[in-house]
Amino acid sequence: QVQLVESGGGSVQAGGSLTLSCEVSGYSLLRIYNMGWFRQAPGNMREGVAVIYTLSPFTKYGDSVKGRFTISRDNAKNMLYLQMNNLSPEDSGMYYCVADLSEGYIGLREAGYNYWGQGTQVTVSS
């Protein structure tokens with residue numbers, strides 16, 4: 001059973017940066033091919049932020065975060081990260097770490113991920 005625990009959320013001003021972390025337990029990161037971050041703001045649908053597929057390797061970002069966010073993973077530490085730069089109030093929301101054991105590429109399809117963390121809140125003030 002894969003367990004995901006996010007951390008690193010908080011409150012920042014527009015233009016600031018945050019790094020989110022996701023600690024993975026119960027399964028070796030070496031065998032988890034699809035991982036990523038989704039987010040949801042109040043009243044909005046959940047959206048894919050960034051995903052990483054290790055069999056290629058390959059990363060994909062949502063259009064609204066391209067050039068500002070960077071996803072990375074440390075297999076040795078069983079950790080997933082999301083570096084977020086130049087944050088804007090539109091980036092506020094609950095950020096979820098996701099994972100799936102499928103070998104095929106899932107990308108930003110929310111329904112493709114079977115494992116979700118509890119989320120970490122990001123609030124960006126103007």
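One-based numbering along the sequence shown.
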From OG1 (Thr54) to CG (Leu30), nearest 0.5 Å: 8.5 Å
Under the side chain to side chain contact (heavy atoms under 4.5 Å, CB included) criterion, do Tyr96 and Leu20 qualify, and how do the steps go? CA-CA 10 Å; Tyr96 300 93; Leu20 304 184; over 6 Å; no
Could you tell me which non-hydrogen atom of Glu47 sits nearest to which non-hydrogen atom of Arg39, and how far apart they are? OE2-NE, 2.7 Å
Is it the case that the side chain of Arg31 and the backbone of Ser28 share a donor-acceptor pair, with hydrogens and angles ignored and the cut-off at 3.5 Å? no
Does the Tyr61 side chain pair with the main chain of Ile71, one donor and one acceptor, at a distance under 3.5 Å? yes
Is a side-chain donor or acceptor of Asn78 paired with a backbone partner of Val24 at a separation under 3.5 angstrom? yes
Rounded to the nearest 0.5 angstrom, the OH-SG distance for Tyr113 and Cys97 is 10.5 Å
Rounded to the nearest 0.5 Å, how far does CE of Met35 lie from OG of Ser72? 11.0 Å
Closest approach of Asp63 and Lys66, non-hydrogen atoms and distance? OD1-NZ, 3.1 Å
Which pair of heavy atoms, one from Pro89 and one from Ser125, lies closest together, and at what distance? CG-C, 4.3 Å
Do you reckon Phe58 sits in the same ILVMFWY cluster as Val98, going by side-chain contacts under 4.5 Å, direct or chained? yes
Would Gln83 and Thr19 count as having a side-chain donor-acceptor pair, cut-off 3.5 Å? yes
Kindly compute the distance separating NZ (Lys77) from CG (Asn75), expressed to the nearest 0.5 Å. 12.0 Å
Between Glu6 and Gly119, is there a donor-acceptor pair closer than 3.5 Å when you use the side chain of the first and the backbone of the second? yes
Ser92 side chain to Val124 backbone, donor-acceptor under 3.5 Å: yes
Quick one: closest heavy-atom pair of Leu108 and Ala50, and the distance? CD2-N, 4.1 Å
Quick one: does any side-chain atom of Arg68 pair with a main-chain N or O of Asn86 as donor and acceptor, under 3.5 Å? yes
Return the orientation label for the Phe38 and Trp116 ring planes: parallel under 30°, perpendicular over 60°, tilted otherwise. tilted
Gln3 side chain to Gly26 main-chain N or O, any donor-acceptor pair under 3.5 Å? no
Given 3.5 Å as the limit, does a donor-acceptor pair link the side chain of Asn34 with the main chain of Gly104, or not? yes
On a heavy-atom basis, the closest approach of Tyr105 and Val51 is OH-CG2, 4.3 Å
Give me the one residue out of Val122, Val49, Leu18 that meets side chain to side chain contact (heavy atoms under 4.5 Å, CB included) with Leu82. Val49
In this structure, CG of Leu4 is separated from CG of Leu80 (nearest 0.5 Å) by 8.5 Å
Does any N or O in the side chain of Arg73 come within less than 3.5 Å of the main-chain N or O of Leu29, such that one atom is a donor and the other an acceptor? yes
Donor-acceptor contact below 3.5 Å, side chain Asp100 vs main chain Asn114: yes
Nearest heavy atoms of Ser21 and Met79, plus distance in Å: CB-CE, 3.7 Å
Is there side-chain contact between Ile32 and Tyr115, with at least one heavy-atom pair below 4.5 Å? no
Report the distance from atom OG of Ser7 to atom OH of Tyr95, rounding to the nearest 0.5 Å. 15.0 Å
